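See below for the structure under consideration.
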Amino acid sequence: MAKKADSSIENRVYLFESLASSYVAAASEALGSKDSAERERARRVLAELAFVSCVVADTEDLTPEQVRERVLSAPPADAAPGKRGSRRKRDK
């Protein structure tokens, strides 16, 4: 089990590094903007790329269509519970 978890973490890092480096190269002006709203949007894109990297790495047993549905059905970060772990307790 630990081996699969280690592999998943490595995959997460690799995917995020690849996606983020491309995005940073394309959005360097936005990330360094004097406009705080523009910088925040660019940071949120990086957060979304991190999320997608995790979903893709953690769902290697699913079909591409199932992974797509999982990514698209995820609630926005603003809709996430305020307290970490509170969702799991509620679902039980």
Side-chain angles (χ1 to χ4, degrees):
M1 181 81 163
K3 191 163 198 123
K4 181 176 173 142
D6 290 344
S7 161
S8 180
I9 291 169
E10 289 174 14
N11 289 340
R12 286 176 172 195
V13 171
Y14 175 77
L15 287 168
F16 179 68
E17 179 182 39
S18 179
L19 293 171
S21 66
S22 295
Y23 176 70
V24 168
S28 60
E29 284 186 32
L31 287 163
S33 174
K34 292 182 180 183
D35 179 7
S36 62
E38 186 176 6
R39 280 194 321 273
E40 181 60 24
R41 281 190 299 276
R43 287 178 0 144
R44 286 186 174 275
V45 170
L46 285 171
E48 292 297 327
L49 290 174
F51 174 78
V52 169
S53 298
C54 291
V55 171
V56 170
D58 294 351
T59 56
E60 61 188 37
D61 55 325
L62 299 180
T63 67
E65 293 79 16
Q66 291 170 317
V67 174
R68 179 182 182 276
E69 284 305 310
R70 180 118 359 137
V71 169
L72 293 176
S73 67
D78 294 23
K83 187 175 179 183
R84 189 173 190 166
S86 63
R87 183 176 181 174
R88 275 187 230 161
K89 290 176 186 172
R90 205 175 43 226
D91 289 345
K92 285 185 178 179

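What you see is a predicted model, and the numbers here were worked out from it, not measured in a lab.
Around atom CZ of Arg43, no more than 12 heavy atoms belonging to other residues, nucleotides or ligands sit under 6.0 Å away. At most 12 heavy atoms of other shown residues, nucleotides or ligands fall within 6.0 angstrom of atom OH in Tyr14.
Clustering ILVMFWY residues whenever any of their side-chain heavy atoms sit less than 4.5 angstrom apart, transitively, puts Leu62 in the very cluster that holds Val71. Cluster annotation: Phe16 is not connected to Val55 through the hydrophobic network of ILVMFWY side chains, with a link wherever side-chain heavy atoms come within less than 4.5 Å. By the rule that hydrophobic residues join a cluster once side-chain heavy atoms approach within less than 4.5 Å of another member, Val45 and Val52 end up as members of separate clusters.
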Side chain to side chain contact (heavy atoms under 4.5 Å, CB included), that's the test. Do Val24 and Leu46 meet it? Break it down for me. CA-CA 8 Å; Val24 168; Leu46 285 171; 4.2 Å; yes
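Between Val56 and Asn11, the closest side-chain pair of non-hydrogen atoms is not below 4.5 Å.
When every heavy atom of Ala30 is checked against every heavy atom of Ala42, the shortest pair comes out as CB-CB, 4.0 Å. Across all non-hydrogen atoms, the minimal contact from Ser53 to Arg12 is CB-O, 3.8 Å. Closest heavy-atom contact between Tyr23 and Leu49: CB-CD1, 3.7 Å.
Here the straight-line distance linking atom CZ of Arg70 with atom OG1 of Thr59 works out to 6.0 Å at 0.5 Å rounding. For the atom pair SG (Cys54) and CD1 (Ile9), the distance works out to 9.5 Å, reported to the nearest 0.5 Å.
Using a cutoff of 4.0 Å between basic side-chain nitrogens and carboxylate oxygens, Glu40 and Arg44 are scored as salt-bridged.
By the side-chain contact (heavy atoms from CB on, under 4.5 Å) test, Thr63 pairs with Glu65, Gln66, sequence neighbours left out. For Arg68, the side-chain contact (heavy atoms from CB on, under 4.5 Å) partners at least two apart in sequence or on another chain are Leu72.
Of the possible polar contacts, one joining the Ser21 side chain to the Glu17 backbone as a donor-acceptor pair under 3.5 Å is found.
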